[in-house]
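One structure is given here, and the rest of the page talks about it.
Please read all numbers here as calculations on a predicted model, not as lab measurements.
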Amino acid sequence: EKEAFNSCANLIEIKFKENSVLKEIHQDAFRECRNLIYINIPASVISIGSGAFYHCDKIKNVYFEKDSKLETIGAAAFADCFDLISIQIPSYVIDIGKGAFNDCSSLESISIPFVGNIIDGKMNTHFGYIFGAPSSSDNFKYVPTDLKKQEEYEELYERSSFTPALEAVYTEDYIEG
């Protein structure tokens, strides 16, 4: 349900039953749960709504169960998760909303199946889109500092669009996760 646990100050950990059938984490469901440090998203989840984990300051890593069916991550879903250091987006994801990881200033590692908003999309195809950059010329201002220092990401935030030459960058073997 939308805003189900919004601003639950004492929520530290979210555990789902084994073989959970949860399909969606709704918009703003865990928004501003500022003491939340751990979440393991069930394989059954296909959508994470806009702002679902917005401003969950203390989350360091987001884990997705093996064989995740996740397809959509909404706008600002993990925005302002200042302590988030690592995330590996499942390979089924085809849509990542604008600024999904905006102001995740500690982010050191991200594994993504494509660049931009929608897989094989024609608009918003720059790396900075998922960090809130309105255009490729703004990538440098929005991509977290630690990501900009890593060689494998240099081409991503400087280029304006996904090209076949960059396809190899997105294999799980290449990006550390």
>> Determine whether Phe53 and Ile39 satisfy the following criterion, side chain to side chain contact (heavy atoms under 4.5 Å, CB included), listing intermediate values before the conclusion.
In response: CA-CA 10 Å; Phe53 296 97; Ile39 177 108; 3.7 Å; yes
>> Counting C-beta onward and ignoring hydrogens, is there a side-chain heavy-atom pair between Asn61 and Tyr38 closer than 4.5 Å?
In response: no
> Which pair of heavy atoms, one from Lys98 and one from Pro134, lies closest together, and at what distance?
Replying inline: NZ-CA, 4.0 Å
> Is the distance between the ring centroids of Phe30 and Tyr54 less than 6.0 Å?
Replying inline: no
Please list every donor-acceptor pair under 3.5 Å in which a side-chain atom of residues 68-78 meets a protein atom from a residue at least two apart or in another chain.
unit_1, atom_1, unit_2, atom_2, d
Ser68, OG, Leu70, N, 3.2
Lys69, NZ, Asp67, O, 3.0

>> Could you work out, with salt bridge (Lys or Arg N to Asp or Glu O under 4.0 Å) as the rule, every residue matching Glu32, not counting sequence neighbours?
In response: Arg34
> If you round to the nearest 0.5 Å, how far is CD1 of Ile110 from OG of Ser86?
Replying inline: 9.0 Å
> With sequence neighbours excluded, what pairs up with Asn102 under the side-chain hydrogen bond (donor to acceptor under 3.5 Å, both in side chains) test?
Replying inline: none
>> Let me confirm one number: the OG-NE2 distance from Ser50 to His26, rounded to the nearest 0.5 Å.
In response: 12.5 Å
>> If the condition is side-chain contact (heavy atoms from CB on, under 4.5 Å), which residues does Phe82 pass it with, not counting sequence neighbours?
In response: His55, Asp57, Asp80, Asp103, Ser105
Expected list for residues 6-17: side-chain donor-acceptor pairs under 3.5 angstrom, two or more places apart:
unit_1, atom_1, unit_2, atom_2, d
Glu13, OE2, Lys15, NZ, 3.4

> Among all residues two or more places apart in sequence or in another chain, which pass the side-chain hydrogen bond (donor to acceptor under 3.5 Å, both in side chains) test with Asp83?
Replying inline: none
>> Just verifying a value: how many Å separate Glu65 CD and Asn40 CG, rounded to the nearest 0.5 Å?
In response: 5.0 Å
> What distance separates Cys104 SG from Ile130 CD1, expressed to the nearest 0.5 Å?
Replying inline: 9.0 Å
>> Can you tell me how far apart CD (Glu24) and CD1 (Ile48) are? Round to the nearest 0.5 Å.
In response: 10.0 Å
> Would you say the side chain of Val62 lies within less than 4.5 Å of the side chain of Phe64, judging by non-hydrogen atoms?
Replying inline: yes
> Looking only at atom types and distance, does a side-chain atom of Ser44 sit under 3.5 Å from a main-chain N or O of Leu22, one as donor and one as acceptor?
Replying inline: yes
>> Could you report the tightest heavy-atom contact between Gly51 and Arg31, atom names first, then the distance?
In response: O-CB, 3.8 Å
>> Do Ile59 and Ile37 have side chains that approach each other closer than 4.5 Å (heavy atoms only, starting at C-beta)?
In response: no
>> Membership question, hydrophobic clusters at under 4.5 Å side-chain separation (ILVMFWY): are Tyr92 and Ile41 in the same one?
In response: no
> OG/Ser47 to CG/Asp95 distance, rounded to the nearest 0.5 angstrom?
Replying inline: 9.0 Å
>> Run the side chain to side chain contact (heavy atoms under 4.5 Å, CB included) test on Ile87 and Phe101 for me, step by step, so that the C-alpha distance in whole Å, both residues' side-chain angles and the decisive distance to 0.1 Å come before the verdict.
In response: CA-CA 10 Å; Ile87 188 164; Phe101 301 98; 3.7 Å; yes
